[in-house]
Amino acid sequence: MRVLQSCFALICFSMASLLVSSGALALVPGERVDNFRLLDHEGESHELYYHSDASAVVFMVHGNGCPIVRNALPRYRELRDAYANKGVVFRLLNANLQDNRTSIAAEAAKFGIDIPILMDDTQLIGEALGLVRTAEVFVIDPKTWKVVYRGAMDDRLGYETQKVEANHHFLADTLDAMLDDETIVVASTDALGCLINLPEAGKREQHASISYTRDIAPLLIERCITCHREGGIGPWAMTDYNMVRGFAPMIREVVRTGRMPPWHADPAHGSFSNDRSLSKEQTQTLVHWIEAGAPRGDGPDPLAEFEHDWQEWALGEPDLVLDIPGYEVPATGVVDYQYQHVRNPHDRDVWVRAAEILPGDRAVLHHVITTFTTPGPDGKLDRRRSQSLGGYVPGAEADEFPEGTGTLLPAGAVFTFQMHYTTSGRASTDHSRLGIYFHDEQPEHRLGGAVLMNTKINIPAHSKDHEEYASRVLDADVLLYSLLPHAHFRGKASEFRAIYPDGTEEILLSVPNYDFNWQTTYVLSEPKLLSKGTKVVHATRWDNSAQNMANPDPTRDIPWGQQSWDEMLFGAISWRYVDDADRERNIEVTSSGD
Ligand code: HEC
């Protein structure tokens, strides 16, 4: 048992000075840090509670241009190295108003910082921790997620003064005590560093004027209720104030950890028309409102009064409707991917301008990927020649194919539906349907695309970060429309990169926190021209360790496989050829590693 009582006087003393200087509610040693997820200056995703296997998690508060931080960093790095094999995780945390990703990356390059700098751009984490000055360190115990020490790393540095050697090594002493299961003698000290401007810190009273009726309900209507409504995919419906207030703490948690709204692209790369994320200001408003007690405000309840005509088919009555064979989904447990095959009942070739899946039961149907292929002379289906016809993902509105494009659907085609069900607590039978919309005449361009896959992947047991990729060099100019990274339970991060003929590189899409539950197609806001000779690289990283909560078995080396207990590196791209001479080509599969 670590005892903190002996330090209470010291804590109270330093807390008093913290309160005076900031007016904020600082987190004191002994208090728990709620989980959060942040991107670092290189676009990597970091979740605090991922480190439940660490012996300690240490943060130092970073700020560009602060001499004390710069001076403290070499020692911080030494400690990182000294405790590397003792399971201590070292991070930096930047909550500065004036710093951004570019300036932080420049500072990191200039000062050789090789420790991830987590960027708290909403300042919500900094506010919750009660940050006052940079260079302060926090030690968090992963067994309880409580702060066990906050304050200076040691007493070597002062303002414009420094000693050759520190007399007190607060951080190292704390870590040694934790590793030896001994009492932490000093749990808090005053940290010297540069003052941080957190304009919203400690403003609970002002935040109480954020009103549910005026500010919050419209935000939920805009960003959440396509899923969180009666009959929607979300597990609970945002029906009125009472419902939302009841879920308020949970909303704070899912927003801080980036689970909701479900959107996983790094905003630094690309712009996507189906972006579901909240803006920085929306995130701040929502969380401040919850932390202020989720007040209702005056006036009628917009959610209770909200009426939306959720049409059966979002695009209107289809030209052709196909029944997908029903599937009985049990109340609980994991249902693996189901593959259903249906022959095209239409008797002539048609050009398709849109396709829409109408879910039978939105509460259990997680996603559908529709492909079709024409059987060969032997009657067999060659999956490698299969073409995509979109699919269904929760919350996505059905979209027409890009302007002037279409897909030729032959009369003899066979559809394959990859159905992913998630159990909902009650048994249900799903009867979903596919609606197909025809062009009246052949469109100007054939919608095409490519799949980049690598069937030679092998993900070692227990590996936390294993990367593989597939690539392809374009043999003609294309207009890029959308990107879909696909992996399974162990997928951790995924990206698409373009290496242009002149050697420059661009990240087209980065998904730093890949989530198997959301098979999102990222639709570019503007089609992007990729010229002949461009190399497109699709890379995925997997976490096959026990720390990955979704991992069914960390002890297995994982090969390629269609089922979710194996893995896939599968990047689906949709595009059209710029030159009409190339238009006969459809989806092309590039399989690296074959
Ligand atoms: C695209 C559909 C979709 C959108 C948009 C969406 N959610 Fe969700 N939400 C889900 C699904 C599905 C789950 C359950 C599965 C999960 O947690 O991933 C969920 C779970 C949640 C939960 C957790 C419930 C629990 O106890 O596990 C909360 C809270 C939540 N959503 C809040 C929000 C808020 C707030 C927004 C808008 C800012 C939002 N969601 C937008 C689909 C959505």
Side-chain angles (χ1 to χ4, degrees), residues 34-37 47 49 122 124 210 212 215-265 267 272-291 294 302-303 306 308 310 314 329 332-335 357 359 361-368 391-399 420-426 428 430 484 489 491 511 513-523 548-550:
D34 292 335
N35 197 13
F36 60 82
R37 178 188 294 281
E47 184 185 10
Y49 284 14
T122 62
L124 290 169
I210 302 174
Y212 162 80
D215 309 302
I216 300 301
L219 185 158
L220 303 177
I221 288 172
E222 183 196 324
R223 282 318 205 188
C224 318
I225 61 155
T226 48
C227 301
H228 288 276
R229 62 180 162 98
E230 297 298 349
I233 176 83
W236 57 282
M238 297 180 178
T239 45
D240 60 10
Y241 171 66
N242 260 340
M243 195 68 183
V244 174
R245 186 177 57 167
F247 271 101
M250 197 64 213
I251 294 177
R252 178 176 177 270
E253 178 175 298
V254 293
V255 169
R256 279 172 58 115
T257 53
R259 268 177 62 203
M260 288 289 142
W263 181 255
H264 302 95
F272 303 95
S273 61
N274 57 336
D275 190 339
R276 286 191 288 243
S277 61
L278 295 175
S279 69
K280 184 171 132 185
E281 290 72 25
Q282 285 175 321
T283 307
Q284 289 166 325
T285 304
L286 189 54
V287 172
H288 285 150
W289 171 72
I290 294 168
E291 291 177 347
L303 273 177
F306 186 73
H308 189 291
W310 304 102
V329 184
T332 56
V334 177
V335 181
I357 296 273
D361 184 351
R362 282 195 168 83
V364 294
L365 182 67
H366 206 279
H367 78 254
V368 181
Y392 164 80
V393 279
E397 302 281 325
D399 269 331
H420 181 208
Y421 294 108
T422 48
T423 51
S424 68
R426 66 175 170 80
S428 148
D430 174 61
L484 164 70
F489 293 130
V511 176
N513 174 32
Y514 180 83
D515 182 345
F516 172 63
N517 287 315
W518 298 99
Q519 297 295 322
T520 306
T521 296
Y522 295 87
V523 183
N548 174 0
M549 298 296 274

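One-based numbering, in listed order, for ligands and for the atoms of each.
Taking any N or O of Arg259, backbone or side chain, at least one lies under 3.5 Å from an N or O belonging to ligand 1. Looking at His228 next to ligand 1, an N or O pair under 3.5 Å apart turns up.
When Pro235, Cys224, Ser424, Pro249 are ranked by how near their heavy atoms come to atom 36 (C) of ligand 1, first place goes to Cys224. Of the candidates Met260, Arg252, Arg223, the one placing a heavy atom closest to atom 5 (C) of ligand 1 is Arg223.
Residue Cys227 has at least one heavy-atom neighbour below 4.0 Å for each of these atoms of ligand 1: 1 (C), 2 (C), 3 (C), 4 (C), 5 (C), 42 (C), 43 (C). Near Met238, the atoms of ligand 1 lying under 4.0 angstrom from a non-hydrogen atom of the residue are 33 (C), 34 (C), 35 (C).
Under the ring pair (Phe, Tyr, Trp, His ring centres under 6.0 Å) criterion, Tyr212 pairs with Tyr241, not counting sequence neighbours.
Between Thr239 and Glu230, some side-chain heavy-atom pair lies under the 4.5 Å cut-off.
In this structure, the ring of Phe516 has its center no less than 6.0 angstrom from the ring center of His366.
With a 4.0 Å cut-off on non-hydrogen atoms, Trp518 touches ligand 1 through its side chain and not its backbone.
When only modelled atom types and interatomic distance are considered, Asp215 and Thr285 share no side-chain donor-acceptor pair under 3.5 Å.
The heavy-atom pair separating Val523 from Asn274 by the smallest distance is N-OD1, 3.2 Å.
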